[in-house]
Amino acid sequence: DDVWGEIGRFPLLRYVITNDEDLGISKGRNLAIKEVKTKYFLLVDDDNVFNEYTDLKTMVEILDTTDAALV
């Protein structure tokens, strides 16, 4: 798989964490969460689907205007 070629398709992607060994899903996510410096973050897996109906802006608006912790 050409992971770096795929990442290049997403110009707004700012940060990618890589590791030489397979940590497993939980350790990998924990490693990523420790690096978060922003108000919101999105963990993306290989089975996530983003298309013309994916509305991250609305998700952020919901988080900003409600007590929701997860959308």
Side-chain angles (χ1 to χ4, degrees):
D1 293 336
D2 181 15
V3 173
W4 295 110
E6 288 296 309
I7 289 171
R9 293 180 31 213
F10 304 95
L12 297 178
L13 183 63
R14 298 286 187 242
Y15 197 61
V16 176
I17 298 172
T18 61
N19 194 22
D20 291 332
E21 66 179 286
D22 183 0
L23 298 176
I25 189 74
S26 296
K27 286 185 180 179
R29 285 177 183 260
N30 289 338
L31 177 66
I33 290 168
K34 287 180 185 178
E35 297 295 322
V36 172
K37 307 273 190 287
T38 59
K39 185 174 180 180
Y40 303 117
F41 66 96
L42 176 65
L43 292 170
V44 179
D45 293 315
D46 62 348
D47 60 348
N48 289 111
V49 176
F50 295 89
N51 57 34
E52 65 272 14
Y53 303 109
T54 304
D55 191 353
L56 297 178
K57 182 178 178 181
T58 297
M59 290 180 193
V60 170
E61 289 173 1
I62 291 168
L63 289 169
D64 282 342
T65 59
T66 68
D67 291 333
L70 177 68
V71 175

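Counting from 1, the numbers follow the sequence of the chain as shown.
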Handout entry: More than 12 heavy atoms from other groups under 6.0 Å of CG on Asp47
Key =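 More than 12 heavy atoms, drawn from other residues, nucleotides or ligands, come within 6.0 Å of this atom.
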Problem - Minimum side-chain heavy-atom gap Leu42-Phe50 below 4.5 Å - result: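 Yes, side chains in contact.
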Exercise for the section: Would you indicate whether the side-chain heavy atoms of Val60 and Lys39 approach each other to under 4.5 Å? Expected result: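 When only atoms from C-beta onward are counted, Val60 and Lys39 do not touch, as no gap falls below 4.5 Å.
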Exercise for the section: Supply the atom-to-atom distance Ile33 CD1 to Leu43 CG, rounded to the nearest 0.5 angstrom. Expected result: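 So the gap between those two atoms works out to 5.5 Å.
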Exercise for the section: Would you give the length of the straight line joining atom CG of Asp22 to atom NZ of Lys27, rounded to the nearest 0.5 angstrom? Expected result: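 Separation between the atoms: 10.5 Å.
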Practice task
Can you run down the side chain to side chain donor-acceptor pair (under 3.5 Å) pairs that involve residues 54-63, sequence neighbours left out, and say none if there aren't any?
Solution key: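 Side chain to side chain donor-acceptor pair (under 3.5 Å) check on residues 54-63 returns Asp55-Thr58.
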Practice task
Could you pull out the closest heavy-atom pair between Tyr53 and Asn51, with the gap in Å?
Solution key: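 So the minimum-distance heavy-atom pair works out to N-OD1, 2.7 Å.
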Handout entry: Nearest heavy atoms of Ala68 and Ile62, plus distance in Å
Key =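 Shortest heavy-atom contact: CB-CG2, 4.5 Å.
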Problem - Val44 with Leu56, same ILVMFWY side-chain cluster at under 4.5 Å - result: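 Both belong to a single hydrophobic cluster.
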